[in-house]
Asker: 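After the structure tokens below, expect a handful of questions from me.
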Amino acid sequence: MFYSPSYRRAVEMAARILLENQVSAYPLNPVSLANRSGLKILPYTRFAALTGVAEAELLALSEDGFSTCVDSQYLIIYNPAVQPRSRRRWTLLHEYSHIRLGHVPAEDALLPSRPNERYLEAAADELTSCLIAPLPLIFLCRIEDERELARCFGLSGQAAANIFETYRKYRRSDLPPALGYGAALDNFCRFAMEYTWKKERENGRRRYFQVDIDA
């Protein structure tokens with residue numbers, strides 16, 4: 001995957017988005033990214049009330065969410081009932097990625113007319129993954145396992161498992177450490193330093209209490 005043109009494009013676009021928005025800390029806020037791009041986010045109930053489309057029809061289209069364009073306004077529509085919150089965050093970022101990748105045509109349509117093609121979904125997932133948990137930043141934060149990854153980057157258990165497996169492959173590869181994020185990583189220096197410092201302090205406390213108990 002790392003050597004494919006699509007992955008390189010996803011990393012380049014992720015780096016550009018992070019720089020454009022001066023993102024310097026995680027978990028990433030997809031609402032902030034959408035607002036900065038002029039995109040509107042609406043829950044299913046609100047969209048249904050405004051358009052007259054039955055909420056059941058929206059759920060039949062997608063249980064999580066979708067993106068569309070109405071009167072030249074790009075919209076991200078999501079189901080607020082989906083749990084956990086981290087899954088909703090992924091959905092919002094996934095739909096944001098569809099729009100940034102040019103998958104959503106600028107047409108007057110209440111519901112998306114494009115087919116749910118696998119290559120479009122794969123491309124949006126690829127960009128989402130590169131945005132929500134950059135592999136070089138995982139390394140800088142010295143993330144040790146899936147649980148820590150989920151906690152630091154606000155991921156669901158499944159997303160954390162998938163990304164951590166990708167991270168293992170990245171660590172074993174001969175790729176450059178920055179992977180293509182370049183200057184975008186500069187904004188995360190303080191975040192990574194503070195995160196690792198807090199983690200080392202907590203580990204120090206645990207060792208202290210363990211010694212105290214054993215004594």
Side-chain angles (χ1 to χ4, degrees), residues 1-21 23-34 62-65 67 76 78 82-101 103 118-182 184-189 191-196 198-199:
M1 73 176 279
F2 297 119
Y3 303 95
S4 69
S6 67
Y7 188 79
R8 288 197 295 270
R9 285 195 297 270
V11 169
E12 290 171 3
M13 179 169 281
R16 188 161 62 249
I17 290 170
L18 294 174
L19 276 173
E20 285 173 2
N21 293 276
V23 178
S24 60
Y26 273 80
L28 188 63
N29 186 344
V31 176
S32 177
L33 290 183
S62 171
E63 291 184 1
D64 294 294
S67 47
I76 295 174
Y78 76 101
V82 168
Q83 296 294 335
R85 181 184 180 187
S86 52
R87 181 175 159 186
R88 299 199 301 273
R89 291 180 64 254
W90 180 280
T91 295
L92 293 177
L93 198 52
H94 177 88
E95 297 307 328
Y96 169 87
S97 295
H98 271 309
I99 295 171
R100 288 299 301 254
L101 288 166
H103 297 166
R118 284 186 179 181
Y119 80 95
L120 296 179
E121 295 304 313
D125 272 338
E126 210 162 41
L127 178 54
T128 300
S129 180
C130 290
L131 282 168
I132 207 166
L135 299 181
L137 183 56
I138 297 174
F139 175 76
L140 290 175
C141 291
R142 302 177 190 174
I143 301 298
E144 298 175 355
D145 53 42
E146 296 170 15
R147 290 180 63 183
E148 185 184 359
L149 179 64
R151 188 168 59 251
C152 180
F153 291 88
L155 303 173
S156 67
Q158 185 60 60
N162 293 339
I163 292 175
F164 197 75
E165 179 58 31
T166 303
Y167 174 65
R168 286 196 182 103
K169 294 176 182 176
Y170 157 74
R171 291 292 307 275
R172 293 194 298 265
S173 75
D174 58 356
L175 294 163
L179 196 60
Y181 284 90
L185 292 176
D186 295 342
N187 291 333
F188 294 111
C189 289
F191 170 76
M193 289 177 63
E194 289 182 350
Y195 180 84
T196 53
K198 288 176 183 177
K199 183 164 67 169

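Remember, it's a predicted structure, so these values are computed and weren't measured experimentally. Computed from heavy atoms alone, side chains included, the values below leave out hydrogens, waters and symmetry copies.
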Asker: Please say whether more than 12 non-hydrogen atoms of neighbouring residues, nucleotides or ligands are located less than 6.0 Å from OH in Y7.
Answerer: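 More than 12 within 6.0 Å, yes.
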Asker: Taking atom CG of L149 and atom CD of E146, what is their separation to the nearest 0.5 Å?
Answerer: 8.0 Å
Asker: Where do A34 and I76 come nearest, in terms of heavy atoms and distance?
Answerer: CB-CD1, 4.4 Å
Asker: Which atom pair, heavy atoms only, marks the closest approach of P136 to L185?
Answerer: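 Here P136 and L185 meet closest at CB-CD1, 3.8 Å.
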Asker: Quick one: are L137 and F153 in side-chain contact, heavy atoms under 4.5 Å?
Answerer: yes
Asker: Do side-chain atoms of N21 reach the backbone of V23 as a donor and acceptor pair under 3.5 angstrom?
Answerer: no
Asker: Looking at CD of E95 and OG1 of T128, how far apart are the two atoms once the value is rounded to the nearest 0.5 Å?
Answerer: 8.5 Å
Asker: Parallel, tilted or perpendicular for F188 and F191, by the 30°/60° rule?
Answerer: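 Taking F191 first and then F188, their aromatic rings stand perpendicular (interplane angle over 60°).
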Asker: Any idea which heavy atoms bring L33 and Y96 closest together, and the distance?
Answerer: O-CE1, 3.7 Å
Asker: Between E165 and R168, does any side-chain N to carboxylate O distance fall below 4.0 Å?
Answerer: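 So E165 pairs with R168 through a salt bridge.
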Asker: Without swapping roles, check the side chain of R89 against the backbone of L28 for a donor-acceptor pair under 3.5 Å.
Answerer: yes
Asker: Looking at CG of D186 and OH of Y181, how far apart are the two atoms once the value is rounded to the nearest 0.5 Å?
Answerer: 14.5 Å
Asker: For C130 versus V11, what's the shortest heavy-atom pair and its separation?
Answerer: SG-CG2, 3.9 Å
Asker: Should we say atom CD of E63 is surrounded by more than 12 heavy atoms from elsewhere, each under 6.0 Å from it?
Answerer: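 At most 12 heavy atoms, drawn from other residues, nucleotides or ligands, come within 6.0 Å of this atom.
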Asker: Measuring from R100:CZ to R16:CZ, what's the distance to the nearest 0.5 Å?
Answerer: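 Answer for the CZ-CZ pair, R100 versus R16, is 7.0 Å.
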Asker: Do you know which two heavy atoms are closest between A15 and G180, and how far apart they sit?
Answerer: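 Here A15 and G180 meet closest at CB-O, 4.1 Å.
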Asker: Report yes if some heavy atom in the side chain of W90 is under 4.5 Å from a heavy atom in the side chain of D64; otherwise report no.
Answerer: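 Not in contact.
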Asker: Considering non-hydrogen atoms only, spot the tightest contact between G154 and S86 and give its length.
Answerer: O-CB, 3.5 Å
Asker: Side-chain contact, heavy-atom cut-off 4.5 Å: P134 with L18?
Answerer: yes
Asker: In terms of relative ring orientation, are Y167 and F164 parallel, tilted or perpendicular, with 30° and 60° separating the classes?
Answerer: tilted
Asker: Taking everything shown except R8 itself, do over 12 heavy atoms lie less than 6.0 Å from its CZ?
Answerer: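 Correct, the count exceeds 12.
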